[in-house]
Amino acid sequence: MTVEMFDSLDPRDDAVLASYPVAGEQEVQGAVERGRTAARWWAEQGFDGRKRWLLEFKRAIAADAQSLARVISRETGKPVDDALLEVMLAVEHLDWAAKNAEKTLRRRKVAAGLVSSNQAASVGYRPFGVVGVIGPWNYPLYTPMGSISYALAAGNAIVFKPSELTPGVGVWLAEKWESMAPMQPVLQVVTGLGATGAALCRSGVDKIAFTGSTATAKKVMATCAETLTPMVAECGGKDAMLVAEDADLDAAADFAVFGGFGNAGQTCVGVERIYVCAPVYEEFLAKLVTRAGKLTPGESYGPMTLGSQTAVVRGHIAAALKDGATAVLGGLDSVDERYISPVILTGVPEDSAAMREETFGPVLIVNQVPDLAEAVELANASKYGLAGSVFTKSKARGRAVAAQLETGGVTVNSVLGFAGVAALPLGGVGDSGFGRIHGADGLREFSAASARTVQKFHAPLNLLTMARKRRDMTIAAALLKFRHAR
Ligand code: NAD
């Protein structure tokens, strides 16, 4: 039997890096079955045993971080330092998940309440079994590890389908696990294109953790619906940065450059829109343009990892200009086949495609607003709701605006701040998806809550019997009024 193969390419020059098998239904099924056996062993390790294994896994990744960073850099085209930063972040999360799973998920008592005072009530969390993880290419380690680390720590085995653009990162991870525990395939990888991901959704896994575009999430959800397989969806964004008139404009401009152009703008929680209060608009824009003008594609950030995204970026710039926007840095000429130089657009109408859709390229839109209230309103007008940021010297104001932004996360006076805080959940609302990875919420996302009552003594009022006494019912009805009708 010939195995169908696909190549992973270096997006800098399309050199073939390696070939990988396209896993079909049978291969995916086989991996899930092996995962099911491994999941039983993994569950038996208990919190303590899993913590030891995961910390060993963490040490093995950290010790070999440079080699992993090189794989990430080759497959995505991002600078190797950026790739190493990704490894650092992923390792922090793995460490946190390993150390906090027991505290978060061990069985704990809850108050049974007056009516059930004869019961000892507790809630525990059970692993689902096998979790299928489908990953994107933009942060091919950090992003899927946000699901993998937490799902493993919660006691599940993993079958990971990396993006077809970054299969080597997935294979590296699975091989690292295998080098530690060859007989226990708790973390396996299946390589392939979208169809392999669809096969994983249909394979009988107990949950799917999907990270990728909103359009694909809808297909994944439809496939999962066939078998009522639950899923968590981490999708795209159109994050807004709000700059108040009292903001530290140098800091805001620095963060805007990093959030907008870092990784060539291919960051789900990157900055795409900036709303600046009128009094400081010109000054902020000047600072931003100066900083962005110093970036060099190919050094400051890599090429577009997904070639076809270039057309989307070009399309958004063209649409914005046609809709009346001004390019204050770069423009359509900034887009070449692989690399895109920084583009800053101003005065982009709110209904322009560039404003409404995820651009996922090194393009920043900077629009003037009369005040923060309008900035909040415009930021919230997006169908996406992943994250957002606000810059102001007043902490109270920062908190107040943060509370008004309808997103999964907000940073005050920085961007992407939550990504490195392992205790914080990550996820969005609306078209940005649902469910949460990272933190205690991430551990629970990969666990089934299990309710338990243990009867300590017969209920003084026995209402759960077919031989209910009139007296008990009369007292219960009186109690209802006394406790809740006042
Ligand atoms: P994508 O949707 O094209 O692909 C994601 C994954 O889905 C890939 O592994 C792909 O092979 C697989 N897939 C494709 N079709 C499938 C199908 N029918 N069934 C099952 N799986 C299928 O996304 P991408 O281009 O790899 O990633 C970029 C997107 O990811 C951007 O929109 C970005 O904002 C988003 N993203 C979100 C987060 C987050 O945490 N919210 C993080 C990183 C990236």
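Counting begins at 1 with the first residue of the sequence. Counting starts at 1 for both ligands and their atoms, in listed order.
Heavy-atom distances between Phe360 and ligand 1 reach below 4.0 Å in at least one pair. The shortest heavy-atom distance from Ser163 to ligand 1 is under 4.0 Å. Residue contacts with ligand 1 do not include Thr223, since none of its heavy atoms lies under 4.0 Å from the ligand.
Between Thr143 and ligand 1, no N or O atom pair is found at a separation short of 3.5 Å. The shortest N/O to N/O separation between Glu358 and ligand 1 falls below 3.5 Å. Some N or O of Cys235 is nearer than 3.5 Å to an N or O of ligand 1, by distance alone. At under 3.5 Å, not a single nitrogen or oxygen of Lys219, backbone or side chain, sits near a nitrogen or oxygen of ligand 1. Taking distance alone, with nitrogen or oxygen atoms compared against 3.5 Å, Lys161 approaches ligand 1 more closely than that limit. Of the N or O atoms in Ser213, one or more lie within a sub-3.5 Å distance of an N or O in ligand 1.
Judged purely by distance below 3.5 Å, without hydrogens or angles, the side chains of Lys238 and Thr359 pair a donor atom with an acceptor atom. A side-chain donor from one of Thr267 and Tyr139 sits under 3.5 Å from a side-chain acceptor of the other. With 3.5 Å as the limit, one finds a donor-acceptor pair spanning the side chains of Ser67 and Trp172. Checking Asp431 against Thr214 by side-chain atom types alone, no donor-acceptor pair falls below 3.5 Å.
Proximity to Thr216 (heavy-atom distance under 4.0 Å) selects the following atoms of ligand 1: 1 (P), 2 (O), 3 (O), 7 (O), 13 (N), 14 (C), 15 (N), 16 (C), 22 (C). Of all atoms in ligand 1, numbered sequentially from 1 with element shown, those under 4.0 Å from a heavy atom of Gly236 are 32 (O), 34 (O). Taking every heavy atom of Pro136 and a limit of under 4.0 angstrom, the matching atoms of ligand 1 come to 26 (O), 27 (O), 43 (C), 44 (C). Within ligand 1, the atoms closer than 4.0 Å to a non-hydrogen atom of Pro162 are 9 (O), numbered from 1 in the order shown. Taking a cut-off of under 4.0 Å to the non-hydrogen atoms of Phe210, the atoms of ligand 1 that pass are 2 (O), 5 (C), 6 (C), 7 (O). Against a heavy-atom cut-off of under 4.0 Å, Gly135 is close to the following atoms of ligand 1: 5 (C), 6 (C), 8 (C), 9 (O). Here is the list of ligand 1 atoms found below 4.0 Å of a heavy atom in Leu386: 41 (N). Under a 4.0 Å criterion applied to the non-hydrogen atoms of Val220, ligand 1 contributes the atoms 19 (N), 20 (C), 21 (N).
Here atom 44 (C) of ligand 1 lies nearest to Asn138 when heavy atoms of Asn138, Leu165, Thr305 are compared.
For the pair Arg126 and Phe128, the cation-pi test (distance below 6.0 Å, angle within 45°) is failed.
Between Ser73 and Arg12 there is a side-chain heavy-atom pair separated by less than 4.5 Å. For the pair Phe284 and Val243, the minimum side-chain heavy-atom distance is below 4.5 Å. Counting heavy atoms from C-beta outward, Thr407 and Asp239 have side chains that stay 4.5 Å or more apart.
Looking only at protein heavy atoms, the nearest one to atom 39 (C) of ligand 1 is Cys268 SG, 3.4 Å.
Around NZ of Lys322, the count of heavy atoms belonging to other residues, nucleotides or ligands within 6.0 Å does not exceed 12.
Aromatic ring centres of His438 and Tyr142: separated by under 6.0 Å.
Using cut-offs of 30° and 60° on the angle between ring planes, the pair Phe6 and Tyr20 is tilted.
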